[in-house]
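Letters go in sequence order (proteins before strands), and every chain restarts at 1. What you see is a predicted model; the values in this text were computed from it and never measured.
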Amino acid sequence: MVCPLPCASLCMLSSFNIEQRHGSHISSKPISESPKTELFHKFNSPFELKQVHTLVIKTGMPISDLPLSRVASVCSLTPSFPYAQQIFQQVDQPETFIWNSCLRDFAESDSPFDAILLFYQMRRYNVLPDSFTCSFVLKACVRLQYLFHGRIIHAFVEKLGLQLNLVLLNVIVHLYASCGRINDAILLFDKMPQRDVVTWNTMITQLVKMGDIDSAYKMFVQMPDRNLRSWTAMIAGFVQCGKPKEAIALFTKMEEVGLKLNEVTVVAVLAACADVGALHLGRRIHDYSDKRGFTRNIHISNTLIDMYIKCGCLKAACDVFKNMKERTIVSWSAMIQGLAIHGKAKEALELFSEMICTGMKPNGVTFLGLLNACSHMGLINEGRSFFASMTKDYGIIPCIEHYGCMVDLLSRAGLLEEAHELIEQMPIKPNAAVWGALLGGCKVHKNIEMAEIAMRHLHELDPLNDGYYVVLSNIYSEAKKWEDAAKVRKMMRNRGLKKTIGWSSVTIGGTVHEFVAGDETHPQSKDIFKMWNHLLVYMRLKGYVPNTSVVLLDIEEEEKEKILFRHSEKLALVFGLINTPPGETIRICKNLRVCEDCHASFKLISSIVKREIVVRDRNRFHCFKDGYCSCKDYW
DNA sequence: CTAGGGTTAG
């Protein structure tokens with residue numbers, strides 16, 4: 001925002017022989033013809049203003065020729081600078097313009113409220129506001145979310161006869177919508193005599209912010225013209241509403257229309273790639289960003305890190321991170337979290353130390369990554385000490401997510417009592433995620449009593465989430481308490497809940513293939529089972545015994561095996577093995593957590609076929625290689 | 001050369 005080169009202005013000033021500063025004068029040609037346009041926009045500080053003012057006096061130029069917006073800027077930059085104010089007072093025309101310039105700077109400053117104060121002062125001085133006045137004050141209202149003052153300005157706009165000014169109406173629509181008055185915004189939108197692309201784009205983004213993606217998309221389809229911002233807003237909207245597939249589909253359409261991405265679009269599309277694990281597209285966008293020099297943009301690098309991490313390419317994420325000339329806390333936190341979900345707790349902790357050494361201050365998200373790292377590797381003491389340190393050393397108050405991580409850490413490690421105590425004494429009301437973490441630990445450590453305690457709370461806090469019932473029912477089944485398990489399932493039925501069907505996807509040459517558990521309808525189904533049976537021979541030789549205890553149904557062993565062998569991640573893996581060249585890494589995404597039997601199988605298969613298998617599950621990554629998993633079986 | 005709309009880590 002602070003632009004023009006004091007250096008150049010000083011050079012020009014020196015040609016008038018006013019004040020010379022440390023010989024920084026490049027011998028310049030006199031600018032006697034048109035000093036006004038050449039020179040007058042080029043001061044940013046009281047010092048430079050003084051120089052220009054001297055020039056004005058020396059050349060006998062009327063003071064009103066000074067660019068008053070800049071004078072006002074200097075005035076507002078340094079409110080205590082009386083010199084600029086003096087100049088200000090010598091000029092009586094055009095008054096509104098001067099006020100507006102000041103309003104603009106205030107509206108964009110750290111205290112937009114000053115713009116509102118100045119506006120009321122302006123009224124007291126009987127200076128007539130114009131459309132620019134309104135736009136600046138409205139901008140301040142939007143930034144402050146001041147609906148009250150905004151409505152006053154809206155009334156003002158009408159009173160001044162500006163009700164047809166499209167720019168103003170667009171800001172007002174933005175104001176109402178962003179203050180949560182979407183209905184007022186729609187009312188105004190509907191009665192506007194004309195709308196332009198900005199009006200539509202504003203509505204789309206604000207509807208997205210309200211979570212109403214359907215209405216947003218309706219508008220997107222309906223609008224007469226779409227520009228790059230419209231597409232970007234809609235793509236980002238899909239991402240924000242948890243519909244990354246739709247985002248990518250829309251991006252494909254955008255390319256078909258022939259539009260090129262800019263930096264903001266790149267960020268949105270990369271975020272979508274991260275969410276669905278679309279490595280292929282992500283890489284393509286990375287190449288494109290490199291070509292266009294976008295990678296210097298911190299936002300883009302940060303999003304690239306996240307994309308690579310969520311696509312299971314830790315190495316690529318590290319490369320991006322290392323190549324960054326500047327990093328923000330987002331870059332560090334993303335990288336720490338990335339190492340955490342890849343089971344590299346030690347590296348995550350080391351990176352944190354490195355970060356502290358550079359003087360970067362951690363925030364709450366950074367600690368979530370650290371706690372996650374500890375939790376995934378069972379580093380209980382480290383986790384406890386980070387949890388204490390975040391408040392003690394960095395003044396960060398833990399929020400509900402941090403408690404969730406701690407409960408997860410403790411209960412995963414089997415310290416269920418301690419986890420329960422932590423929940424009981426936490427200063428915030430525990431939410432479903434917190435109790436859910438405890439329930440998860442109860443499953444691992446087969447603690448029925450504690451599971452029932454957790455469930456009582458979950459019942460109340462998140463009664464429509466099928467996942468918790470499924471876990472509890474599984475805990476009962478594992479303990480062969482079939483009746484209790486059946487009771488839970490009945491409870492689910494009564495509430496109209498269905499168990500979320502497990503699916504896994506595998507990407508081959510940029511195409512995503514999805515498999516649901518038990519799927520036998522795939523065109524290559526025969527080949528898949530043939531290949532599986534083939535693998536099974538080798539697996540058994542290595543000591544594989546199907547872990548049918550994960551099939552929590554009271555049925556025959558043989559039936560259990562059949563179900564087990566049709567788990568979605570197995571189908572996806574075998575399909576991937578058939579359809580990719582030897583040695584190529586297989587990448588699988590699963591919507592739920594990996595099953596224990598699949599985990600054991602994948603370890604064996606990775607060594608049998610000599611391939612890396614990367615599985616992204618609901619919580620983390622498992623990288624299978626040479627018979628081992630990166631999670632070291634702690635998950 | 002006084003105005004409005006799109007972006008990242010959990």
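Residue contacts shown for A:Thr265 include a base, since a base heavy atom lies under 4.0 Å away. Nucleic acid contact class of A:Asn227 (heavy atoms, under 4.0 Å, all strands): base. When heavy atoms are screened at a 4.0 angstrom cut-off, A:Ala271 is found touching no nucleic acid atom at all. The residue A:Val365 sits close to a base: some heavy atom pair falls under 4.0 Å. In this structure, A:Val197 reaches the bases: a heavy-atom distance under 4.0 Å links it to at least one base atom across the strands shown. Residue A:Ser131 is in base contact, counting any heavy-atom pair closer than 4.0 Å across all strands shown.
A straight line from NE2 of A:His299 to P of B:dT8 spans 9 Å, rounded to a whole angstrom. Put simply, CG on A:Leu250 is 13 Å from C1' on B:dG6, counting in whole angstrom units. Rounded to an integer number of Å, the gap from CH2 of A:Trp332 to P of B:dG10 is 18 Å. For A:Leu371 and B:dA9, the CG to C1' distance is 15 Å, given to the nearest whole Å. Atom-to-atom, NZ of A:Lys139 to C1' of B:dT2 comes out at 11 Å; the value is rounded to the nearest Å. The interatomic distance linking A:Glu108 (CD) with B:dT2 (P) rounds to 13 Å, in whole Å. For the pair A:Tyr308 OH and B:dT8 P, the interatomic distance rounds to 19 Å; values are reported in whole Å. Rounded to an integer number of Å, the gap from CD1 of A:Ile341 to P of B:dG10 is 8 Å.
Checked by distance alone, A:Asn372 brings no side-chain donor or acceptor within 3.5 Å of a matching partner on the base of B:dG10. With hydrogens and angles ignored, no donor-acceptor pair closer than 3.5 Å exists between the side chain of A:Asn100 and the base of B:dA3.
No side-chain heavy atom of A:Leu103 sits under 4.5 Å from any side-chain heavy atom of A:Lys139. Looking at A:Val276 and A:Cys589, their side chains never come closer than 4.5 Å, going by heavy atoms from C-beta outward. Side-chain contact check for A:His376 versus A:Arg412: some heavy-atom pair is nearer than 4.5 Å.
Picking from B:dG10, B:dA3, B:dG6 the nucleotide with the shortest atom distance to the side chain of A:Lys310 gives B:dG10. For A:Val198, the side-chain atoms get nearest to B:dG5 when compared with the rest of B:dG10, B:dA3, B:dG5. Comparing B:dA3, B:dA9, B:dT7 against the side chain of A:Val264 picks out B:dT7 as the nearest. Residue A:Thr232 has its side chain nearest to B:dG6 when only B:dT2, B:dA3, B:dG6 are considered.
Not one N or O on the side chain of A:His402 forms a donor-acceptor pair closer than 3.5 Å with the backbone of A:Phe367.
In terms of phosphate contacts, A:Gln240 brings no side-chain nitrogen or oxygen within less than 4.0 Å of OP1 or OP2 of B:dG6.
In this structure, A:Lys159 forms a cation-pi arrangement with A:Phe156, its terminal cationic atom sitting closer than 6.0 Å to the ring centre and no more than 45° off the ring axis. For the pair A:Arg620 and A:Trp635, the cation does not sit on the ring face, since its NZ or CZ is not both under 6.0 Å from the ring centre and inside 45° of the axis.
By the 30° and 60° cut-offs, the orientation of the rings of A:Tyr217 relative to A:Phe220 is parallel. A:His154 and A:Tyr176 have tilted rings, their planes meeting at an angle from 30° to 60° on a 0 to 90° scale.
Of the residues in residues 199-223 of chain A, those with a non-hydrogen atom less than 4.0 angstrom from any atom of DNA chain B are A:Asn201, A:Thr202, A:Thr205.
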